[in-house]
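Okay, structure first, notes after.
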There are 2 protein chains.
Amino acid sequence: MSGTHTEKYEQQRREAIRSAAAVFAEKGYHGSSTRDIAEYMGIKQGSLYYYFKSKEDALTEVCLYGMQDYVERMNSISSSDQTFREKLVATITSHITKYREKNEALRVYNAERLYLPESKRTRLKELGTGYRQQLEQIFAEGIEKGEVRSSIDCQFAAHAVIGMCNAWGEFIDRHPDMDLFQLIENCVDLLINGFKQTENN
Amino acid sequence: MSGTHTEKYEQQRREAIRSAAAVFAEKGYHGSSTRDIAEYMGIKQGSLYYYFKSKEDALTEVCLYGMQDYVERMNSISSSDQTFREKLVATITSHITKYREKNEALRVYNAERLYLPESKRTRLKELGTGYRQQLEQIFAEGIEKGEVRSSIDCQFAAHAVIGMCNAWGEFIDRHPDMDLFQLIENCVDLLINGFKQTENN
DNA sequence: TGCGCAATCTATAGAACTATAGAAAACTAG
DNA sequence: CTAGTTTTCTATAGTTCTATAGATTGCGCA
């Protein structure tokens with residue numbers, strides 16, 4: 001498959017995926033036309049079909065592109081030998097900075113993937129589940145090592161962290177001048193210590 | 001304006017708004033057609049324009065409908081004389097149960113409001129800002145009364161709570177058999193106490 | 001019963017959108 | 001420069017969508 005394609009083809013295809021990501025992120029999947037994507041990329045509407053079989057195919061590729069290195073980063077965080085707190089910081093940092101780096105593809109994955117038919121979503125589900133399970137594992141280890149209290153439900157915790165990151169991701173996308181460093185610090189502090197008054201204070 | 005309309009008209013208009021909410025929630029604003037909405041409601045496509053000036057107008061009404069009693073509930077929570085913890089529980093319960101009650105309109109507000117032009121969003125912004133400010137106020141009082149540590153940034157905290165509730169709202173919508181009571185308890189526990197090991201344990 | 005208004009329907013204009021087919025242009029190698 | 005290949009373009013068939021206009025049906029009241 002990939003052997004049959006030119007260097008330029010692969011390059012332009014990646015460009016097409018990035019363009020689709022940018023347009024989908026701004027207007028939503030159904031709100032975007034193939035003409036919008038082509039124009040963003042600087043080619044004509046019909047030419048886009050040299051790179052995508054269909055608009056749906058474009059969405060599939062964008063979602064995969066958005067998840068892939070995101071999951072890879074989680075792999076390396078999860079398998080490192082950092083403390084629970086360090087891993088939590090790394091996870092949140094990785095997740096949130098992805099939004100600032102203009103990885104529109106991740107936003108598209110979050111907001112639009114459900115418009116894909118089941119059949120085209122299995123790979124995406126695997127990636128998402130893998131990501132979540134690694135995060136659950138980090139919590140399980142945190143409990144073992146005594147850094148996290150044992151009453152924490154790891155599945156709940158993983159979902160909560162992911163949900164919070166996505167919520168802030170959307171937010172910082174609309175507030176480009178926000179201080180990410182401060183935000184990450186606040187998130188970690190809240191998640192680890194909670195709102196309540198500390199005893200020795 | 002409203003005086004010129006029949007009882008039946010008002011009733012059907014509410015029905016139209018609810019139908020639009022259901023359809024928009026499932027397919028997204030751009031993914032829904034006016035025919036979809038009309039069919040859901042049991043009338044013909046053209047008849048919908050007896051109740052909405054335009055599709056965009058329908059979205060505006062749905063978003064307003066979704067926010068309104070939501071904000072009202074927050075008013076009464078915020079002005080009650082409960083403790084911080086009680087108010088937090090009430091807020092999260094109100095927010096999360098709204099999703100289970102099939103208030104699709106709230107999901108539509110969250111996911112689709114940005115497709116409205118600025119001019120039609122000012123009222124919505126006011127409502128959203130009002131909601132958030134009341135939540136910030138709850139945190140400020142929590143700090144005053146010593147229930148919340150003073151290092152918490154109230155604006156950050158309010159956003160974090162709203163973001164987490166919305167994330168779980170989306171989730172429970174796809175998992176109808178989930179135990180909301182348990183979920184709410186977990187959320188409150190996490191937000192107040194955090195992940196970390198407690199001293200006396 | 002029949003008049004008048006309210007509510008819904010049918011039909012359609014006009015625009016936009018996806019996907020394809022085949023022509024044209026750009027590029028590569030000999 | 002030429003022939004073959006890759007990439008892009010033009011044109012369009014076939015659908016679908018929004019919004020409107022005018023006909024039709026249903027309803028309450030004199």
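Every chain is numbered from 1 and lettered A, B, ... according to where its sequence line falls, protein lines coming before strand lines.
- For A:Glu72, there are no salt bridge (charged side-chain N to carboxylate O under 4.0 Å, His left out) partners at least two apart in sequence or on another chain.
- Applying the side-chain hydrogen bond (donor to acceptor under 3.5 Å, both in side chains) test to pairs two or more places apart or on separate chains, those with a residue in residues 46-60 of chain B are B:Glu56-B:Lys120.
- Aromatic ring pairs are classed by plane angle as parallel below 30°, tilted from 30° to 60° and perpendicular above 60°; the pair A:Tyr70 and A:Tyr131 is parallel.
- Here the two rings, on B:Phe84 and B:Phe139, have centers that are under 6.0 Å apart.
- One side chain, B:Tyr99 or B:Asn166, offers a donor N or O that lies under 3.5 Å from an acceptor on the other.
- Evaluation of the ring-ring contact (aromatic ring centres under 6.0 Å, His included) test over residues 107-126 of chain B, restricted to residues two or more places apart or in two chains, returns B:His30-B:Tyr115.
- Scored by the side-chain hydrogen bond (donor to acceptor under 3.5 Å, both in side chains) test, A:Arg132 finds A:Glu136 as partners (sequence neighbours excluded).
- A search for salt bridge (charged side-chain N to carboxylate O under 4.0 Å, His left out) contacts involving A:Glu15 returns A:Arg18, not counting sequence neighbours.
- Partners of B:Arg107 according to the salt bridge (charged side-chain N to carboxylate O under 4.0 Å, His left out) rule, which considers only residues two or more places apart in sequence or in another chain, are B:Glu170, B:Asp173.
- Remark: B:Ser54, B:Lys55 in residues 53-66 of chain B come within less than 4.0 Å of DNA chain D through at least one heavy atom.
- First and last contacting nucleotides of DNA chain C toward chain B (any atom under 4.0 angstrom from a heavy atom, 5' to 3' order): C:dA6 to C:dT10.
- With no hydrogens or angles considered, no side-chain donor-acceptor pair links A:Arg35 and A:Ser33 at under 3.5 Å.
- Protein atom CD of B:Gln45 is 14 Å distant from nucleotide atom P of D:dT16, rounded to whole Å.
- Applying the side chain to side chain contact (heavy atoms under 4.5 Å, CB included) criterion to A:Ala111, with sequence neighbours excluded, gives no partner residue.
- When the side chain to side chain contact (heavy atoms under 4.5 Å, CB included) test is applied to A:Phe156, the partners found at least two apart in sequence or on another chain are A:Asp153, A:Ala160, B:Trp168, B:Leu183, B:Asn186, B:Cys187, B:Leu190.
- Of the residues in residues 18-33 of chain B, those with a non-hydrogen atom less than 4.0 angstrom from any atom of DNA chain D are B:Ser32, B:Ser33.
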Just the table, please: protein N/O against nucleotides 2-8 of chain D N/O, every pair under 3.5 Å.
unit_1, atom_1, unit_2, atom_2, d
D:dT6, O3', A:Thr6, OG1, 3.4
D:dT7, OP1, A:Thr6, OG1, 3.3
D:dT7, OP1, A:Tyr9, N, 3.2
D:dT7, OP2, A:Tyr50, OH, 2.6
D:dT8, OP1, A:Gln12, NE2, 2.8
D:dT8, OP2, A:Tyr51, OH, 2.3

